[in-house]
Amino acid sequence: MTAGDDRYGTGARFDDLYALFLFDRELRELLFSAITRAEAALKAVCAHEFTRLHPDEVNPYLNPDYYDSKCRPSAVALIDKVFKRILELDGNPRNRGDYGGKAYIRHCMEDHNGQVPLWVLANDLSFGQTVWFFQVQSPAVRLAVAESFTGLYADTHDGPRRITIKRLDSIFNRLVFYRNLCAHDERCYCARYDGAR
């Protein structure tokens with residue numbers, strides 16, 4: 001047999017398979033727990049750094065001019081397919097003014113003249129959407145996010161390490177892949193990320 005071969009090895013017993021199943025379940029639980037903390041950190045840092053550069057505008061994340069011009073089509077898609085949908089500004093007749101059914105979105109839309117701070121909106125983003133938001137940011141925001149993660153790393157590790165934008169892209173693409181494996185109860189112990197998005 002070779003690596004990656006899914007056939008049973010000679011002498012494999014049901015107990016062996018069950019032990020591997022239990023190991024994989026525990027591994028998924030550990031990974032999922034850690035990944036959700038990484039997701040929360042990315043949401044918080046992205047919301048903070050983006051808003052810091054656009055502090056006086058209502059819902060600045062809806063303005064395509066605030067994203068990397070090289071990523072304009074992707075940024076417009078994010079705005080139209082994610083942000084406007086959460087806020088129910090997408091013209092979809094199935095949206096009946098419930099603002100996604102989320103009380104915190106409804107509160108902002110109704111009681112704050114439609115102003116929904118990014119730190120509130122970020123709660124409604126999936127991990128993949130959050131990574132997408134990070135990846136279409138202007139270079140200034142992406143750099144500020146990377147510098148924040150460099151600081152977070154220094155706070156939690158013995159030695160300093162510079163976290164680059166490229167490294168964050170790689171880390172978070174990989175984490176989204178593994179998060180989805182965990183969430184969908186797929187086999188994790190032998191999974192390999194191939195770099196495809």
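The number of heavy atoms from other shown groups lying within 6.0 Å of CG (D111) is above 12.
Applying the ring-ring contact (aromatic ring centres under 6.0 Å, His included) test between F172 and each of F149, F177, W132, F134 identifies F149 as the sole match.
If you take OG1 on T130 and CG on L125, they are separated by 4.5 Å, rounding to the nearest 0.5 Å. Rounding to the nearest 0.5 Å gives a distance of 11.5 Å between NZ of K84 and CG of L78. One distance of note links NZ of K70 with OG of S138; it measures 12.0 Å at 0.5 Å rounding. Put simply, CD on E186 and CG on N180 are 8.5 Å apart, with the number rounded to the nearest 0.5 Å. Taken from CG in L181 to CG in L31, the straight-line distance is 9.0 Å, to the nearest 0.5 Å. Within the model, atoms CZ of R142 and SG of C46 stand 9.0 Å from one another, a figure rounded to the nearest 0.5 Å.
The closest side-chain donor-acceptor pair between Y66 and E57 falls under 3.5 angstrom. Side-chain atoms of N173 and Q135 include a donor-acceptor pair closer than 3.5 Å.
When every heavy atom of L168 is checked against every heavy atom of A146, the shortest pair comes out as CD1-CA, 3.6 Å. The two residues D124 and Y104 have their closest heavy-atom pair at OD1-OH, 3.2 Å. Taking both residues in full, the closest heavy atoms of Y178 and C188 are given as CD2-SG, 4.2 Å, listed atom of the first, atom of the second, then distance. In terms of heavy-atom proximity, P64 sits nearest to V76 at CB-CG2, 4.0 Å. The two residues I165 and P139 have their closest heavy-atom pair at CD1-O, 4.4 Å. The nearest pair of heavy atoms linking A140 to L53 is CB-CD1, 4.1 Å.
Between L42 and L175 the shortest side-chain heavy-atom distance does not fall below 4.5 Å. Side-chain contact check for N113 versus Q115: every heavy-atom pair is 4.5 Å or farther apart. Looking at heavy atoms from C-beta onward, R162 lies out of side-chain contact with R167 at the 4.5 angstrom threshold.
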Test L118 against F133 for side-chain contact (heavy atoms from CB on, under 4.5 Å), laying out the working first.
CA-CA 11 Å; L118 185 54; F133 177 65; 3.6 Å; yes
When you look at R161 and T150, which way does the side-chain contact (heavy atoms from CB on, under 4.5 Å) test go after all the steps?
CA-CA 7 Å; R161 179 177 207 159; T150 297; over 6 Å; no
Given salt bridge (Lys or Arg N to Asp or Glu O under 4.0 Å), test R85 with D80 step by step and report yes or no.
CA-CA 7 Å; R85 191 171 189 187; D80 290 343; over 6 Å; no
Between Q137 and F50, does the side-chain contact (heavy atoms from CB on, under 4.5 Å) criterion hold? Intermediate values first, please.
CA-CA 8 Å; Q137 288 305 306; F50 181 85; 2.8 Å; yes
Kindly determine whether D169 and T164 satisfy side-chain contact (heavy atoms from CB on, under 4.5 Å), including the steps that lead there.
CA-CA 9 Å; D169 282 335; T164 65; over 6 Å; no
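Remark: E147 engages L143 in a side chain to side chain contact (heavy atoms under 4.5 Å, CB included) (not counting sequence neighbours). Shown here are the ring-ring contact (aromatic ring centres under 6.0 Å, His included) partners of Y61, two or more places apart in sequence or in another chain: F83. By the side chain to side chain contact (heavy atoms under 4.5 Å, CB included) test, D65 pairs with N63, R72, sequence neighbours left out.
At a threshold of 4.5 Å between side-chain heavy atoms, the hydrophobic network of Ile, Leu, Val, Met, Phe, Trp and Tyr places I35 and L30 in two separate groups. Two different hydrophobic clusters hold L121 and V58 under the rule that ILVMFWY side chains link at heavy-atom gaps under 4.5 Å. There is a path of hydrophobic side-chain contacts, each under 4.5 Å, that joins I79 to W119. Connection of V176 to F32 is not established within any shared hydrophobic cluster, with ILVMFWY side chains joined at heavy-atom distances below 4.5 Å, either directly or through further cluster members.
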Considering only distance and modelled atom types, tabulate donor-acceptor pairs under 3.5 Å from the side chains of residues 13-21, sequence neighbours left out.
unit_1: R13; atom_1: NH2; unit_2: D16; atom_2: OD1; d: 3.1
unit_1: D16; atom_1: OD2; unit_2: R13; atom_2: N; d: 3.0

List the atom pairs, donor and acceptor, that lie under 3.5 Å between side-chain atoms in residues 153-160 and the rest of the protein, sequence neighbours left out.
unit_1: T156; atom_1: OG1; unit_2: L152; atom_2: O; d: 3.0
unit_1: T156; atom_1: OG1; unit_2: Y153; atom_2: O; d: 3.3
unit_1: H157; atom_1: ND1; unit_2: Y153; atom_2: O; d: 3.1

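Side-chain N or O atoms of N59 include one that pairs as donor or acceptor with a backbone N or O of V116 at under 3.5 Å.
Sorted by first then second residue, the side-chain hydrogen bond (donor to acceptor under 3.5 Å, both in side chains) pairs that include residues 25-40, not counting sequence neighbours, are D24-R28, R28-D185, S33-R37, E39-K43.
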